[in-house]
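This structure is a prediction, so every number in the text was calculated from the model and none was measured. Just follow the structure's listing: the first ligand is 1, and inside any ligand the first atom is 1.
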Amino acid sequence: MITGTYPSLRLRRSRKESWSRRLIQENTLSPNDFILPIFLIDGSNKRQQISSMPGVYRYTIDRLSQIVDRAIKKKIPMVALFPKTQNVHKDELGTESLNEENLVCKALREIKKRYKNQIGIMCDVALDPYTSHGHDGIIKSNTILNDETIEILINQSLLQADMGCDVLAPSDMMDGRIGKIRKALDKHKFQDVQILSYAAKYASSFYGPFRDAVGSKDVLKGDKKTYQMDYRNSDEAIREVTLDIKEGADMVMVKPGMPYLDIIKSIKEKFKLPVLAYQVSGEYSLIETAIAKKLINKNAIYEILVAFKRAGSNAIVSYYADRLDKIIK
Ligand code: PBG
C-alpha cells in the first residue's frame, strides 16, 4: 500500500466538510439492502404487539396489506414470513408445516394474489414453529433425526413453492438438506424458486425474543446445539458454506449478525456470492432497550446497519427494514 506521511499528508483534510465526507463515503444503505420479517397470527382484523420486541407486530392475514403496502412503498425487495402457530396445531412431527391452510400458505396466496411480483417472498424451511417440542427437526430418544427431518422439509419446501414462495430459506441446519430440496424442486418444475441457505447459523442466545414472537419459547425443550453451530468456530462456517454452494444454494445467510461480522467478511471474501446477514431479534431488542433507556441515541441503528455492509453483506434481514427513513432522518 502506498501512503504519504505527516505533515504533508493529513487525513483530517478530507473529513473537514460534510460535502467532502460524503464524497469519499465507501458504504451506504438503500432500501434494496433490506428484507422485512413479518409475523403472522390467526384470527381477524388484528395487529398484535410483541412484548419482547417493542415496535414489532404480528398480523392476521386480513391485515397483511397494511404491512406489505408499506414494504412496497418503501421499495424493500423482499419480505420474510414467520407464523405464530397455535399450540393446538403443534405435534411431535410438525404436521402443520404440511397443511395447505397453515398461516404461511394462506399468507403466500394472499400476498401473491394481491401484489403479484411487486415484492419477493421468503419463507423459512424448518419445523420449529410447528413442533410441540420447539425443535427444528423431529426427535427420537432425545436425538434430532437428520435424514427423517429432511424428508419433511422437502415436502414443506414443495408446498411453499407451490403456494408462491419465491425464496426458500432452510434455517434448520440439518446436513444435506440443500441438495435434496434443490433436487425435489427441480423435479417438480420449481427450477426458478431460489434457495437461500441459512448456512452459518449459530446456536445463539440472541434468538430469545423471536421464539417468544412465534410462540416456541415456552415449548422448547433443551437447546439447539446438536444442529446449530458452535460460536467458537469460524472455519466450520466456511465448510458449511462450501457444502451448500455445491448442493445448489443461490445465496447464503449468516445468523446472528452483529456478533458475527467476521464470518460475513470471510465468506464474502472467499466465495464472492450473495451473502445475507440476519440482524436477529435479540440484537434488535437490545438496541431498542438501550435507546429507550437513553443509553445510546438512535443513530446507533444506522451505524450498526452500515457495519453489516462494510463487512460484506449484500442485504440484511432486519426488523428496522420498514422504518429506515425515520431512523436516518
Ligand atoms: C427458526 C428460526 C429462528 C430464527 C429465524 N428462524 C430461531 C431459532 O433458530 O431458534 C431467529 C430469528 C430472530 O431471532 O430474529 N428456525
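At the shortest separation from atom 6 (N) of ligand 1 among protein heavy atoms lies Asp124 OD2, 2.8 Å. Nearest non-hydrogen protein atom to atom 14 (O) of ligand 1 is Ser281 OG, 2.7 Å. Among all non-hydrogen protein atoms, the one lying nearest atom 8 (C) of ligand 1 is Lys224 NZ, 3.3 Å. Protein heavy atom closest to atom 4 (C) of ligand 1, with residue, atom name and distance, is Lys255 NZ, 2.6 Å.
Close contacts of ligand 1 with Asp136, meaning ligand atoms under 4.0 Å from a residue heavy atom, involve 16 (N). If you number the atoms of ligand 1 from 1 as listed, the ones under 4.0 Å from a heavy atom of Arg211 come out as 8 (C), 10 (O).
Not a single heavy atom of Glu283 sits closer than 4.0 Å to an atom of ligand 1.
Using modelled atom types and a 3.5 Å distance limit, the side chains of Gln194 and Asp166 yield no donor-acceptor pair. Asp69 and Tyr115 share a side-chain donor-acceptor pair at under 3.5 Å.
For the pair Lys201 and Tyr207, the distance from NZ or CZ to the six-membered ring centre is under 6.0 Å and the angle to the ring normal is within 45 degrees. Judged by the 6.0 Å and 45° rule, Arg47 forms a cation-pi pair with Tyr57.
By the 4.5 Å heavy-atom criterion applied to side chains, Asp172 and Leu153 are counted as neighbours.
In terms of N/O distances under 3.5 Å, ligand 1 is not approached by Gln279. For ligand 1, the polar-atom distance check finds no N/O of Tyr198 at less than 3.5 Å from any of the ligand's N/O atoms.
Considering Asp128, Val214, Val56 only, the shortest heavy-atom separation from atom 1 (C) of ligand 1 involves Asp128. Nearest to atom 9 (O) of ligand 1 by heavy-atom distance, out of Lys201, Met53, Lys217, is Lys201.
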Tell me, with the steps shown, if Phe34 and Tyr320 meet ring-ring contact (aromatic ring centres under 6.0 Å, His included). CA-CA 9 Å; Phe34 289 92; Tyr320 288 114; 9.2 Å; no

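At a heavy-atom distance under 4.0 Å, only side-chain atoms of Tyr278, from C-beta outward, approach ligand 1.
A single hydrophobic cluster is seen to contain both Leu159 and Leu103, as judged by linkage of ILVMFWY side chains at heavy-atom distances under 4.5 Å, directly or through other members. Residues Ile119 and Leu64 share a single hydrophobic cluster, defined by chaining ILVMFWY side chains whose heavy atoms lie under 4.5 Å apart.
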